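Before any comments, here is the structure.
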Amino acid sequence: MTPRAQSVLDAAVALFSEFGYHGTSMRDIAKLVGVGPGALYNHWPGKQDLLFYLMDTWLTELHNTMLERLKGEQEPAERLRLFVEHHVAFHAAHAAEMLICDSELRALTDQNRRVVLDKRRRYEAVLDDIIREGVERGAFIAVDVRLTTMQTLGMCTHVATWFKPEGRLSVDAIAAAYAERVLRALEPRR
């Protein structure tokens, strides 16, 4: 990607995260980049392309880095800890991008929405599998796997809306606390 195309994408991220996709025009993006609106089309075919590229890229990055983080770990409880910690940390580190990924699905064309939803389902399936395996192996209490996945993702994703790097707790401390909370909810009572 050229530096100018990247600056257009960065401007789109800033504006989409603040004003939403429908509240942002190509003219707004051009103004933030410091070029005329027509110059944007030398780098991006349109606003939909920017949104889709952003969502597709960041969901792919989230999924791939998660798989890398889980590589080699066999124990369901440790896999769950790693998943939650990574999900929280990733959302805190890339809050603007992940807020867009989570809030702008409705703005995608049908075809683009199908691609993005498929990526989200594959990512969610990783957590489904961890929880299901943990239940089957007796590491976790019997739960509705899909509901537990959605509860966990909802709680962990929300960190993108409030985390501030200059806050009282580090992202690592917050991620560890979230992981501990999820594990305690699922551990068998002794």
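Computed from a predicted model, the values in this text were never measured in an experiment.
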If every non-hydrogen atom of [X] is compared with every non-hydrogen atom of [Y], which pair is closest and at what distance?
X	Y	answer
A160	A95	O-CB, 3.5 Å
I29	A12	CD1-CB, 4.0 Å
V159	V88	CG1-O, 3.6 Å

*What residues form a ring-ring contact (aromatic ring centres under 6.0 Å, His included) with Y178, not counting sequence neighbours?*
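Counting only residues at least two positions away or on another chain, Y178 forms no ring-ring contact (aromatic ring centres under 6.0 Å, His included).
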
Is [Y] close to [X] at the side-chain level, that is, under 4.5 Å between some pair of heavy atoms?
X	Y	answer
W44	L9	yes
V145	D129	no
V33	R4	yes

If you round to the nearest 0.5 Å, how far is [atom2] of [Y] from [atom1] of [X]?
X	Y	atom1	atom2	value
L108	F52	CG	CZ	7.5 Å
H22	R106	NE2	CZ	6.0 Å
R79	E73	CZ	CD	7.5 Å
L70	L82	CG	CG	6.0 Å
L62	H86	CG	NE2	5.5 Å
H87	Y123	NE2	OH	5.0 Å

Between [X] and [Y] (salt bridge meaning N to carboxylate O under 4.0 Å), is one present in this structure?
X	Y	value
D28	K31	no
R184	E187	no
E124	R121	no
R114	D118	no

*Passes side-chain contact (heavy atoms from CB on, under 4.5 Å), T157 versus M98? Steps please.*
CA-CA 8 Å; T157 296; M98 297 316 293; over 6 Å; no

*Picking from L50, L99, I100, V8, what satisfies side-chain contact (heavy atoms from CB on, under 4.5 Å) with V13?*
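Of all the options given, the one that passes is I100.
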
_Enclosure of R122 CZ (heavy-atom neighbours >12, cutoff 6.0 Å)_ =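 More than 12 within 6.0 Å, yes.
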
*In this structure, are over 12 heavy atoms from other groups packed under 6.0 Å from R137 atom CZ?*
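Enclosed: over 12 neighbouring heavy atoms sit under 6.0 Å from CZ of R137.
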
*asked:* Please determine whether side-chain contact (heavy atoms from CB on, under 4.5 Å) holds for the pair L147 and Q151, giving the CA-CA distance in whole Å, both sets of side-chain angles, and the decisive distance to 0.1 Å.
replied: CA-CA 6 Å; L147 178 60; Q151 289 171 326; 4.0 Å; yes

*Check: Y53 main-chain N/O paired with D56 side-chain donor or acceptor under 3.5 Å*: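 The answer is no, because no donor-acceptor pair under 3.5 Å joins these two groups.
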
